[in-house]
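Heavy-atom basis, side chains included; hydrogens, waters and symmetry copies ignored. As the structure is a computational prediction, the values presented were derived from the model and not from experiment.
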Amino acid sequence: MEPFSSDVLWVLILGFIVGFFLAFGVGANDVANSFGTSVGSKALSLRQACILATIFEVLGSVLMGYRVSDTVRKGIFDTEMYSEFEKELMLGFLAALIGSAIWNIVATFFRWPISGTHSIIGAVVGFSLVARGFMGIKWTMLGQIVASWFLSPVLSGFISSALFLVLKKLILTKDDAIERGYLSLPFFWGITVFINLFSVVHNGPKYLGFQSIPVWGVLILAAGIGFIVSICVWYILVPYLQQAIASMGDSENSENQIGAEEIPSKISYPDVENPAFNGNGHEIQMQDVGNGISKSTIVPVATSAEISKIEKEFTCSAVPYDTPETGKVFSSLQVLTAIFAAFAHGANDVSNAIGPVIAIWLIYQDGNVAQKAESPFWIMLYGGVGISIGLWVWGKKVIKTMGEDLTKITPSSGFCIELGAAATVLMASKIGLPISTTHCKVGSIVFVGWTRSRAAVDWKLFRSIILAWVLTLPVSAGLSAAAMAILKSIG
(Lines give C-alpha, C1' and ligand atoms only; values in the text may rest on other atoms or scores of the structure.)
Protein backbone atom coordinates (compact mmCIF):
# COMPACT_ATOMS: atom_id res chain seq x y z
CA MET A 1 0.00 0.00 0.00
CA GLU A 2 1.24 3.46 -0.87
CA PRO A 3 1.87 5.82 2.06
CA PHE A 4 -0.95 8.35 2.59
CA SER A 5 -3.24 6.39 0.29
CA SER A 6 -6.57 8.13 -0.25
CA ASP A 7 -8.26 4.75 -0.45
CA VAL A 8 -7.95 4.27 3.32
CA LEU A 9 -8.27 7.89 4.41
CA TRP A 10 -11.80 7.23 5.63
CA VAL A 11 -10.48 4.46 7.90
CA LEU A 12 -7.96 6.89 9.42
CA ILE A 13 -10.56 9.61 10.00
CA LEU A 14 -13.08 7.21 11.49
CA GLY A 15 -10.34 5.67 13.63
CA PHE A 16 -9.51 9.02 15.21
CA ILE A 17 -13.20 9.74 15.85
CA VAL A 18 -13.93 6.36 17.44
CA GLY A 19 -10.61 6.50 19.31
CA PHE A 20 -11.73 9.73 20.93
CA PHE A 21 -14.98 8.10 22.08
CA LEU A 22 -13.01 5.18 23.50
CA ALA A 23 -10.69 7.59 25.34
CA PHE A 24 -13.83 9.37 26.58
CA GLY A 25 -15.23 6.08 27.92
CA VAL A 26 -11.92 5.14 29.55
CA GLY A 27 -11.80 8.57 31.22
CA ALA A 28 -15.38 8.34 32.45
CA ASN A 29 -14.87 4.84 33.82
CA ASP A 30 -11.22 4.25 34.66
CA VAL A 31 -10.19 7.66 36.02
CA ALA A 32 -12.40 6.85 38.98
CA ASN A 33 -9.56 4.47 39.86
CA SER A 34 -7.21 7.41 40.25
CA PHE A 35 -9.39 9.83 42.20
CA GLY A 36 -12.38 7.86 43.49
CA THR A 37 -10.73 7.17 46.85
CA SER A 38 -9.61 10.79 47.24
CA VAL A 39 -13.12 12.06 46.60
CA GLY A 40 -14.59 9.34 48.82
CA SER A 41 -12.35 10.29 51.76
CA LYS A 42 -13.15 14.01 51.22
CA ALA A 43 -9.46 14.79 50.70
CA LEU A 44 -10.45 16.36 47.37
CA SER A 45 -13.67 17.73 45.98
CA LEU A 46 -14.93 16.34 42.69
CA ARG A 47 -13.93 19.57 40.91
CA GLN A 48 -10.42 19.54 42.37
CA ALA A 49 -10.03 15.90 41.40
CA CYS A 50 -11.05 16.64 37.81
CA ILE A 51 -8.56 19.51 37.53
CA LEU A 52 -5.64 17.45 38.87
CA ALA A 53 -6.63 14.44 36.78
CA THR A 54 -6.70 16.52 33.61
CA ILE A 55 -3.13 17.67 34.19
CA PHE A 56 -1.52 14.44 35.31
CA GLU A 57 -3.44 11.96 33.15
CA VAL A 58 -2.19 13.88 30.10
CA LEU A 59 1.37 14.04 31.48
CA GLY A 60 1.37 10.30 32.16
CA SER A 61 0.10 9.54 28.69
CA VAL A 62 2.70 11.60 26.83
CA LEU A 63 5.67 10.74 29.08
CA MET A 64 5.18 7.01 29.64
CA GLY A 65 2.20 5.74 27.65
CA TYR A 66 4.28 4.85 24.61
CA ARG A 67 5.51 1.53 26.05
CA VAL A 68 2.11 -0.01 26.68
CA SER A 69 0.87 1.40 23.38
CA ASP A 70 3.56 -0.65 21.65
CA THR A 71 2.27 -3.82 23.35
CA VAL A 72 -1.37 -3.18 22.43
CA ARG A 73 -0.71 -2.48 18.77
CA LYS A 74 1.89 -5.15 17.97
CA GLY A 75 2.51 -7.40 20.98
CA ILE A 76 -0.64 -9.53 20.96
CA PHE A 77 -0.60 -10.92 17.41
CA ASP A 78 1.82 -11.18 14.51
CA THR A 79 1.36 -8.10 12.34
CA GLU A 80 3.47 -9.67 9.56
CA MET A 81 0.45 -11.81 8.63
CA TYR A 82 -1.00 -8.64 7.15
CA SER A 83 2.10 -7.58 5.20
CA GLU A 84 0.14 -7.74 1.95
CA PHE A 85 -3.16 -6.73 3.51
CA GLU A 86 -2.48 -3.38 5.15
CA LYS A 87 -6.03 -2.13 4.69
CA GLU A 88 -7.43 -5.22 6.36
CA LEU A 89 -5.24 -4.59 9.41
CA MET A 90 -6.39 -0.97 9.54
CA LEU A 91 -10.01 -2.19 9.43
CA GLY A 92 -9.19 -4.62 12.25
CA PHE A 93 -7.85 -1.92 14.53
CA LEU A 94 -10.89 0.22 13.71
CA ALA A 95 -13.14 -2.71 14.68
CA ALA A 96 -11.25 -3.04 17.96
CA LEU A 97 -11.82 0.63 18.71
CA ILE A 98 -15.54 0.28 17.96
CA GLY A 99 -16.05 -2.81 20.12
CA SER A 100 -14.10 -1.46 23.07
CA ALA A 101 -15.71 2.00 22.89
CA ILE A 102 -19.24 0.60 22.92
CA TRP A 103 -18.60 -1.60 25.96
CA ASN A 104 -16.82 1.15 27.93
CA ILE A 105 -19.65 3.62 27.41
CA VAL A 106 -22.37 1.05 28.20
CA ALA A 107 -20.57 -0.03 31.38
CA THR A 108 -20.15 3.57 32.51
CA PHE A 109 -23.86 4.21 31.97
CA PHE A 110 -24.62 1.38 34.41
CA ARG A 111 -21.87 2.55 36.87
CA TRP A 112 -19.84 -0.63 36.40
CA PRO A 113 -16.10 -0.10 36.99
CA ILE A 114 -14.70 -2.28 34.22
CA SER A 115 -11.18 -2.72 32.94
CA GLY A 116 -10.24 -0.68 29.90
CA THR A 117 -7.35 -3.10 29.47
CA HIS A 118 -9.66 -6.12 29.35
CA SER A 119 -11.82 -4.29 26.87
CA ILE A 120 -9.17 -3.37 24.30
CA ILE A 121 -7.25 -6.65 24.54
CA GLY A 122 -10.47 -8.60 24.05
CA ALA A 123 -11.38 -6.37 21.11
CA VAL A 124 -7.98 -6.91 19.42
CA VAL A 125 -8.31 -10.67 19.84
CA GLY A 126 -11.89 -10.48 18.50
CA PHE A 127 -11.01 -8.84 15.19
CA SER A 128 -7.95 -11.07 14.78
CA LEU A 129 -10.09 -14.20 15.13
CA VAL A 130 -12.41 -12.98 12.38
CA ALA A 131 -9.55 -11.97 10.09
CA ARG A 132 -7.11 -14.87 10.58
CA GLY A 133 -8.65 -17.30 13.06
CA PHE A 134 -6.23 -18.54 15.70
CA MET A 135 -3.21 -17.98 13.45
CA GLY A 136 -0.59 -15.51 14.58
CA ILE A 137 -1.94 -14.77 18.05
CA LYS A 138 0.99 -14.53 20.48
CA TRP A 139 -0.35 -16.84 23.13
CA THR A 140 2.65 -16.38 25.43
CA MET A 141 2.21 -12.62 25.57
CA LEU A 142 -1.56 -12.99 25.85
CA GLY A 143 -1.07 -15.49 28.68
CA GLN A 144 1.20 -13.05 30.52
CA ILE A 145 -1.42 -10.32 30.16
CA VAL A 146 -4.23 -12.58 31.36
CA ALA A 147 -2.12 -13.77 34.31
CA SER A 148 -1.42 -10.16 35.24
CA TRP A 149 -5.16 -9.51 35.50
CA PHE A 150 -5.25 -11.92 38.45
CA LEU A 151 -1.84 -11.22 39.92
CA SER A 152 -2.02 -7.42 39.77
CA PRO A 153 -4.91 -6.97 42.25
CA VAL A 154 -3.24 -9.36 44.67
CA LEU A 155 0.13 -7.61 44.38
CA SER A 156 -1.44 -4.18 44.62
CA GLY A 157 -3.60 -5.25 47.55
CA PHE A 158 -0.64 -6.78 49.35
CA ILE A 159 1.45 -3.61 49.00
CA SER A 160 -1.42 -1.38 50.13
CA SER A 161 -2.47 -3.51 53.09
CA ALA A 162 1.15 -3.94 54.25
CA LEU A 163 1.59 -0.17 54.13
CA PHE A 164 -1.65 0.30 56.07
CA LEU A 165 -0.53 -2.15 58.75
CA VAL A 166 2.76 -0.26 59.10
CA LEU A 167 0.90 3.04 59.47
CA LYS A 168 -1.47 1.49 61.98
CA LYS A 169 1.36 -0.02 64.03
CA LEU A 170 3.75 2.93 64.01
CA ILE A 171 1.43 5.95 63.81
CA LEU A 172 -2.35 5.62 63.91
CA THR A 173 -2.72 3.63 67.16
CA LYS A 174 -0.14 5.60 69.15
CA ASP A 175 -1.01 8.25 71.71
CA ASP A 176 1.23 10.74 69.89
CA ALA A 177 -0.15 9.80 66.47
CA ILE A 178 -0.30 13.39 65.25
CA GLU A 179 3.36 14.05 66.08
CA ARG A 180 4.39 10.81 64.40
CA GLY A 181 2.30 11.84 61.42
CA TYR A 182 4.22 15.11 61.14
CA LEU A 183 7.54 13.24 61.28
CA SER A 184 6.47 10.74 58.61
CA LEU A 185 5.23 13.31 56.08
CA PRO A 186 8.63 14.34 54.65
CA PHE A 187 9.60 10.68 54.21
CA PHE A 188 6.38 9.72 52.43
CA TRP A 189 6.47 12.75 50.15
CA GLY A 190 10.12 12.16 49.33
CA ILE A 191 9.77 8.45 48.56
CA THR A 192 6.66 9.03 46.43
CA VAL A 193 8.39 11.72 44.37
CA PHE A 194 11.49 9.53 44.06
CA ILE A 195 9.54 6.54 42.70
CA ASN A 196 7.57 8.70 40.32
CA LEU A 197 10.59 10.55 38.91
CA PHE A 198 12.65 7.38 38.53
CA SER A 199 9.80 5.76 36.57
CA VAL A 200 9.55 8.74 34.22
CA VAL A 201 13.23 9.35 33.57
CA HIS A 202 14.59 5.79 33.39
CA ASN A 203 14.24 4.61 29.78
CA GLY A 204 11.82 7.47 29.14
CA PRO A 205 10.61 8.52 25.69
CA LYS A 206 13.35 9.24 23.19
CA TYR A 207 11.96 12.63 22.20
CA LEU A 208 12.85 13.92 25.69
CA GLY A 209 16.39 12.57 25.52
CA PHE A 210 16.09 10.63 28.79
CA GLN A 211 17.48 7.45 27.25
CA SER A 212 21.00 8.96 27.34
CA ILE A 213 21.01 9.26 31.16
CA PRO A 214 22.64 6.25 32.87
CA VAL A 215 20.86 4.40 35.67
CA TRP A 216 23.12 5.87 38.36
CA GLY A 217 22.40 9.33 37.02
CA VAL A 218 18.65 8.70 37.16
CA LEU A 219 18.97 7.45 40.75
CA ILE A 220 20.92 10.53 41.82
CA LEU A 221 18.52 12.89 40.07
CA ALA A 222 15.37 11.26 41.50
CA ALA A 223 16.84 10.90 44.99
CA GLY A 224 18.08 14.50 44.98
CA ILE A 225 14.73 15.94 43.98
CA GLY A 226 12.94 13.65 46.46
CA PHE A 227 15.24 14.89 49.24
CA ILE A 228 14.62 18.54 48.31
CA VAL A 229 10.88 17.89 48.39
CA SER A 230 11.22 16.29 51.84
CA ILE A 231 13.02 19.38 53.18
CA CYS A 232 10.36 21.68 51.73
CA VAL A 233 7.60 19.56 53.29
CA TRP A 234 9.27 19.69 56.72
CA TYR A 235 9.82 23.44 56.73
CA ILE A 236 6.72 24.58 54.81
CA LEU A 237 3.90 22.02 54.78
CA VAL A 238 4.31 20.65 58.32
CA PRO A 239 4.18 24.10 60.02
CA TYR A 240 1.16 24.97 57.89
CA LEU A 241 -0.62 21.79 58.96
CA GLN A 242 0.28 22.36 62.61
CA GLN A 243 -1.28 25.79 62.48
CA ALA A 244 -4.37 24.54 60.62
CA ILE A 245 -4.90 21.66 63.06
CA ALA A 246 -4.39 23.92 66.07
CA SER A 247 -7.26 26.08 64.81
CA MET A 248 -9.61 23.14 64.48
CA GLY A 249 -10.63 23.43 68.14
CA ASP A 250 -12.35 20.60 69.87
CA SER A 251 -11.77 17.62 67.60
CA GLU A 252 -14.53 15.61 69.21
CA ASN A 253 -17.20 18.01 67.99
CA SER A 254 -15.43 19.18 64.86
CA GLU A 255 -17.36 19.12 61.60
CA ASN A 256 -14.21 17.77 60.01
CA GLN A 257 -14.55 14.37 61.68
CA ILE A 258 -13.00 12.01 59.18
CA GLY A 259 -14.97 9.05 57.91
CA ALA A 260 -17.18 8.67 60.99
CA GLU A 261 -20.90 8.13 60.96
CA GLU A 262 -22.88 8.49 64.16
CA ILE A 263 -24.81 5.51 65.40
CA PRO A 264 -28.48 6.45 65.74
CA SER A 265 -28.94 8.08 69.15
CA LYS A 266 -32.45 6.77 69.72
CA ILE A 267 -32.56 3.01 69.54
CA SER A 268 -35.13 1.09 71.59
CA TYR A 269 -33.62 -2.16 72.81
CA PRO A 270 -36.18 -4.94 73.34
CA ASP A 271 -36.30 -6.21 76.90
CA VAL A 272 -38.48 -9.25 77.40
CA GLU A 273 -38.45 -8.76 81.18
CA ASN A 274 -39.81 -5.24 80.86
CA PRO A 275 -43.61 -5.25 80.60
CA ALA A 276 -43.36 -2.16 78.40
CA PHE A 277 -42.23 -4.47 75.61
CA ASN A 278 -44.08 -7.31 74.04
CA GLY A 279 -42.21 -10.34 72.85
CA ASN A 280 -42.08 -9.33 69.18
CA GLY A 281 -39.71 -6.41 69.34
CA HIS A 282 -42.42 -3.78 69.83
CA GLU A 283 -42.72 -1.22 72.57
CA ILE A 284 -46.16 -0.62 74.09
CA GLN A 285 -46.62 3.02 75.03
CA MET A 286 -49.55 4.09 77.25
CA GLN A 287 -51.06 7.51 76.76
CA ASP A 288 -53.53 9.18 79.14
CA VAL A 289 -56.28 10.71 77.02
CA GLY A 290 -58.30 12.05 79.98
CA ASN A 291 -61.35 11.00 81.99
CA GLY A 292 -59.46 7.98 83.26
CA ILE A 293 -59.18 6.46 79.82
CA SER A 294 -55.79 5.21 78.60
CA LYS A 295 -54.81 4.58 75.00
CA SER A 296 -52.14 2.04 74.08
CA THR A 297 -49.85 2.52 71.11
CA ILE A 298 -47.57 -0.18 69.74
CA VAL A 299 -44.28 1.32 68.54
CA PRO A 300 -41.90 -0.89 66.51
CA VAL A 301 -38.34 -0.91 67.78
CA ALA A 302 -35.10 -2.46 66.65
CA THR A 303 -34.79 -6.19 67.13
CA SER A 304 -31.57 -7.71 68.43
CA ALA A 305 -30.54 -8.68 64.89
CA GLU A 306 -31.22 -5.15 63.62
CA ILE A 307 -29.25 -3.61 66.49
CA SER A 308 -26.35 -5.97 65.79
CA LYS A 309 -26.40 -4.92 62.14
CA ILE A 310 -26.45 -1.21 63.04
CA GLU A 311 -23.55 -1.61 65.44
CA LYS A 312 -21.62 -3.65 62.89
CA GLU A 313 -22.12 -0.97 60.24
CA PHE A 314 -21.14 1.70 62.71
CA THR A 315 -17.95 -0.14 63.63
CA CYS A 316 -17.02 -0.47 59.94
CA SER A 317 -17.95 3.05 58.90
CA ALA A 318 -16.45 4.82 61.86
CA VAL A 319 -13.06 3.39 60.86
CA PRO A 320 -10.94 3.50 63.99
CA TYR A 321 -7.43 4.94 63.89
CA ASP A 322 -8.25 8.12 61.91
CA THR A 323 -8.77 11.13 64.15
CA PRO A 324 -9.59 14.53 62.67
CA GLU A 325 -5.96 15.57 63.21
CA THR A 326 -4.29 12.56 61.57
CA GLY A 327 -6.97 12.66 58.89
CA LYS A 328 -5.94 16.19 57.97
CA VAL A 329 -2.26 15.18 57.86
CA PHE A 330 -2.94 12.25 55.55
CA SER A 331 -5.36 14.29 53.42
CA SER A 332 -2.40 16.39 52.29
CA LEU A 333 -0.46 13.23 51.51
CA GLN A 334 -3.39 11.66 49.71
CA VAL A 335 -3.48 14.54 47.26
CA LEU A 336 0.09 13.63 46.26
CA THR A 337 -0.69 9.93 45.92
CA ALA A 338 -3.82 10.75 43.90
CA ILE A 339 -1.61 12.71 41.50
CA PHE A 340 0.79 9.75 41.46
CA ALA A 341 -2.13 7.43 40.64
CA ALA A 342 -3.42 9.73 37.89
CA PHE A 343 0.02 9.84 36.29
CA ALA A 344 0.28 6.04 36.44
CA HIS A 345 -3.20 5.67 34.98
CA GLY A 346 -2.38 8.03 32.12
CA ALA A 347 0.80 6.06 31.47
CA ASN A 348 -0.99 2.72 31.29
CA ASP A 349 -4.57 3.25 30.21
CA VAL A 350 -4.27 5.97 27.56
CA SER A 351 -2.55 3.25 25.56
CA ASN A 352 -5.67 1.11 25.77
CA ALA A 353 -7.62 3.80 23.94
CA ILE A 354 -4.97 5.17 21.65
CA GLY A 355 -2.83 2.13 20.74
CA PRO A 356 -5.06 1.08 17.81
CA VAL A 357 -5.29 4.72 16.63
CA ILE A 358 -1.48 4.89 16.53
CA ALA A 359 -1.39 1.61 14.62
CA ILE A 360 -3.82 2.94 12.00
CA TRP A 361 -1.83 6.16 11.67
CA LEU A 362 1.52 4.40 11.24
CA ILE A 363 0.14 2.06 8.56
CA TYR A 364 -1.34 5.07 6.76
CA GLN A 365 1.90 7.04 7.09
CA ASP A 366 4.41 4.26 6.26
CA GLY A 367 2.33 2.16 3.89
CA ASN A 368 3.29 -1.06 5.72
CA VAL A 369 2.45 -3.03 8.86
CA ALA A 370 5.94 -3.01 10.42
CA GLN A 371 4.93 -0.75 13.35
CA LYS A 372 8.59 0.12 14.03
CA ALA A 373 8.17 3.81 14.78
CA GLU A 374 7.68 5.02 18.34
CA SER A 375 4.22 6.19 19.38
CA PRO A 376 3.82 9.82 18.23
CA PHE A 377 3.68 12.43 20.99
CA TRP A 378 0.71 14.27 19.51
CA ILE A 379 -1.48 11.18 19.32
CA MET A 380 -0.69 10.32 22.95
CA LEU A 381 -1.71 13.89 23.82
CA TYR A 382 -4.93 13.45 21.85
CA GLY A 383 -5.77 10.37 23.90
CA GLY A 384 -4.98 12.15 27.16
CA VAL A 385 -7.33 15.00 26.27
CA GLY A 386 -10.11 12.53 25.39
CA ILE A 387 -9.70 10.77 28.73
CA SER A 388 -9.86 14.07 30.62
CA ILE A 389 -13.04 15.16 28.83
CA GLY A 390 -14.66 11.82 29.68
CA LEU A 391 -13.83 12.37 33.34
CA TRP A 392 -15.32 15.87 33.42
CA VAL A 393 -18.53 14.92 31.62
CA TRP A 394 -19.33 11.47 33.03
CA GLY A 395 -16.76 10.49 35.64
CA LYS A 396 -18.99 11.07 38.66
CA LYS A 397 -20.92 7.86 37.98
CA VAL A 398 -18.13 5.39 38.72
CA ILE A 399 -16.28 7.60 41.24
CA LYS A 400 -19.11 7.00 43.72
CA THR A 401 -18.86 3.24 43.28
CA MET A 402 -15.10 3.20 43.80
CA GLY A 403 -14.81 5.92 46.45
CA GLU A 404 -17.84 5.35 48.65
CA ASP A 405 -19.82 2.19 47.99
CA LEU A 406 -17.20 -0.59 48.06
CA THR A 407 -15.82 0.37 51.48
CA LYS A 408 -15.46 3.47 53.62
CA ILE A 409 -12.31 5.39 52.70
CA THR A 410 -10.33 7.62 55.05
CA PRO A 411 -7.25 9.70 54.19
CA SER A 412 -4.82 7.20 55.76
CA SER A 413 -6.38 4.14 54.10
CA GLY A 414 -6.85 6.09 50.86
CA PHE A 415 -3.16 6.99 50.85
CA CYS A 416 -2.18 3.32 51.23
CA ILE A 417 -4.64 2.25 48.52
CA GLU A 418 -3.45 4.81 46.00
CA LEU A 419 0.27 4.39 46.60
CA GLY A 420 0.13 0.59 46.38
CA ALA A 421 -2.01 0.59 43.24
CA ALA A 422 -0.03 3.31 41.48
CA ALA A 423 3.31 1.63 42.24
CA THR A 424 2.00 -1.63 40.76
CA VAL A 425 0.70 0.10 37.62
CA LEU A 426 3.93 2.05 37.06
CA MET A 427 6.05 -1.08 37.43
CA ALA A 428 3.91 -2.76 34.77
CA SER A 429 4.13 0.27 32.49
CA LYS A 430 7.92 0.15 32.65
CA ILE A 431 7.99 -3.41 31.29
CA GLY A 432 5.22 -2.75 28.75
CA LEU A 433 2.60 -4.98 30.37
CA PRO A 434 -0.93 -3.51 30.01
CA ILE A 435 -2.37 -4.49 33.39
CA SER A 436 -5.69 -3.21 34.64
CA THR A 437 -5.69 -0.14 36.87
CA THR A 438 -9.24 -1.11 37.82
CA HIS A 439 -8.03 -4.46 39.13
CA CYS A 440 -5.16 -2.85 41.02
CA LYS A 441 -7.32 -0.22 42.69
CA VAL A 442 -10.17 -2.60 43.55
CA GLY A 443 -7.63 -5.10 44.87
CA SER A 444 -6.10 -2.44 47.11
CA ILE A 445 -9.50 -1.22 48.33
CA VAL A 446 -10.65 -4.72 49.21
CA PHE A 447 -7.36 -5.75 50.86
CA VAL A 448 -7.16 -2.61 52.99
CA GLY A 449 -10.86 -2.80 53.88
CA TRP A 450 -10.48 -6.45 54.86
CA THR A 451 -7.35 -5.64 56.87
CA ARG A 452 -9.33 -3.04 58.80
CA SER A 453 -12.33 -5.31 59.33
CA ARG A 454 -13.68 -8.32 57.47
CA ALA A 455 -17.11 -6.72 57.54
CA ALA A 456 -15.88 -3.38 56.15
CA VAL A 457 -16.19 -4.45 52.50
CA ASP A 458 -19.44 -4.60 50.55
CA TRP A 459 -18.90 -8.13 49.29
CA LYS A 460 -22.12 -8.12 47.27
CA LEU A 461 -20.92 -5.11 45.28
CA PHE A 462 -17.49 -6.72 44.95
CA ARG A 463 -19.08 -9.82 43.39
CA SER A 464 -20.95 -7.60 40.93
CA ILE A 465 -17.68 -5.93 39.95
CA ILE A 466 -16.04 -9.32 39.42
CA LEU A 467 -18.96 -10.32 37.17
CA ALA A 468 -18.48 -7.15 35.11
CA TRP A 469 -14.79 -8.02 34.77
CA VAL A 470 -15.61 -11.53 33.56
CA LEU A 471 -18.07 -10.21 30.98
CA THR A 472 -15.73 -7.54 29.62
CA LEU A 473 -13.39 -9.78 27.64
CA PRO A 474 -15.99 -11.85 25.75
CA VAL A 475 -18.39 -8.93 25.22
CA SER A 476 -15.74 -6.61 23.79
CA ALA A 477 -14.34 -9.45 21.67
CA GLY A 478 -17.80 -10.21 20.33
CA LEU A 479 -18.54 -6.57 19.53
CA SER A 480 -15.18 -6.19 17.79
CA ALA A 481 -15.67 -9.39 15.82
CA ALA A 482 -19.10 -8.22 14.64
CA ALA A 483 -17.67 -4.81 13.67
CA MET A 484 -14.82 -6.52 11.78
CA ALA A 485 -17.24 -8.69 9.81
CA ILE A 486 -19.28 -5.64 8.82
CA LEU A 487 -16.19 -3.54 7.92
CA LYS A 488 -14.74 -6.36 5.78
CA SER A 489 -17.99 -6.64 3.83
CA ILE A 490 -17.98 -2.86 3.27
CA GLY A 491 -14.28 -2.19 2.80
Atom pair [atom1]/[atom2] of [X] and [Y] - distance to nearest 0.5 Å:
| X | Y | atom1 | atom2 | value |
| --- | --- | --- | --- | --- |
| Ile114 | Leu471 | CD1 | CG | 10.0 Å |
| Thr407 | Ile445 | OG1 | CD1 | 8.0 Å |
| Ile339 | Glu418 | CD1 | CD | 10.0 Å |
| Ser230 | Leu185 | OG | CG | 10.0 Å |
| Ile105 | Leu22 | CD1 | CG | 8.0 Å |
| Leu336 | Phe330 | CG | CZ | 13.0 Å |

In chain order, what residues pass the side chain to side chain donor-acceptor pair (under 3.5 Å) check against [X], with sequence neighbours excluded?
| X | answer |
| --- | --- |
| Arg132 | Glu88 |
| Ser480 | none |
| Asp176 | Arg180 |
| Glu179 | none |

I want to check something: taking the side chain as every heavy atom from C-beta on, are [X] and [Y] in contact at a cut-off of under 4.5 Å?
| X | Y | result |
| --- | --- | --- |
| Asn104 | Phe24 | no |
| Met380 | Ile358 | yes |
| Leu479 | Ile98 | no |
| Leu94 | Pro356 | no |
| Leu52 | Val335 | yes |
| Thr326 | Ser412 | no |
| Leu333 | Pro411 | no |

- Message: Is it true that, when you exclude Trp392 itself, more than 12 heavy atoms of the residues, nucleotides or ligands shown sit nearer than 6.0 Å to its CH2?
- Response: yes
- Message: Tell me whether Trp378 at atom CH2 has more than 12 heavy atoms from other residues, nucleotides or ligands lying less than 6.0 Å away.
- Response: yes
Taking [X] for its side chain and [Y] for its backbone only, find out whether a donor-acceptor pair lies under 3.5 Å.
| X | Y | value |
| --- | --- | --- |
| Thr173 | Lys168 | yes |
| Asn29 | Gly25 | no |
| Thr54 | Cys50 | yes |

[X] to [Y] - nearest heavy-atom pair and separation:
| X | Y | value |
| --- | --- | --- |
| Leu241 | Val329 | CD1-CA, 4.3 Å |
| Thr472 | Ser115 | CG2-O, 3.8 Å |
| Ile171 | Gly181 | CG2-N, 4.0 Å |
| Ser100 | Ser119 | OG-OG, 2.7 Å |
| Val39 | Ser45 | CG2-O, 4.2 Å |
| Leu237 | Ser332 | CD2-OG, 4.2 Å |

- Query: Do Glu57 and Ser388 have side-chain atoms, one donor and one acceptor, less than 3.5 Å apart?
  - Reply: no
Ring centers of [X], [Y] separated by less than 6.0 Å:
| X | Y | answer |
| --- | --- | --- |
| Phe16 | Tyr382 | yes |
| Phe415 | Phe188 | yes |
| Phe93 | Phe127 | yes |

- Task: Give the intermediate values and the outcome of side chain to side chain contact (heavy atoms under 4.5 Å, CB included) for residues Trp234 and Leu183.
- Result: CA-CA 8 Å; Trp234 179 250; Leu183 290 173; 3.7 Å; yes
- Item | Derivation and outcome, side chain to side chain contact (heavy atoms under 4.5 Å, CB included), residues Leu97 and Phe21 | CA-CA 9 Å; Leu97 288 169; Phe21 280 102; over 6 Å; no
- Listed once per pair and sorted, the side-chain hydrogen bond (donor to acceptor under 3.5 Å, both in side chains) pairs that draw on residues 153-162, sequence neighbours left out: Ser156-Ser444, Ser160-Ser444
- Task: Quick one: which residue pairs count as a side-chain hydrogen bond (donor to acceptor under 3.5 Å, both in side chains) with a foot in residues 456-469, not counting sequence neighbours?
- Result: none
- Item | Step-by-step side chain to side chain contact (heavy atoms under 4.5 Å, CB included) determination, Gln334 to Thr37 | CA-CA 9 Å; Gln334 196 183 8; Thr37 50; 4.1 Å; yes
- Item | Worked check of side chain to side chain contact (heavy atoms under 4.5 Å, CB included) between Ile159 and Phe447 | CA-CA 9 Å; Ile159 295 173; Phe447 267 67; over 6 Å; no
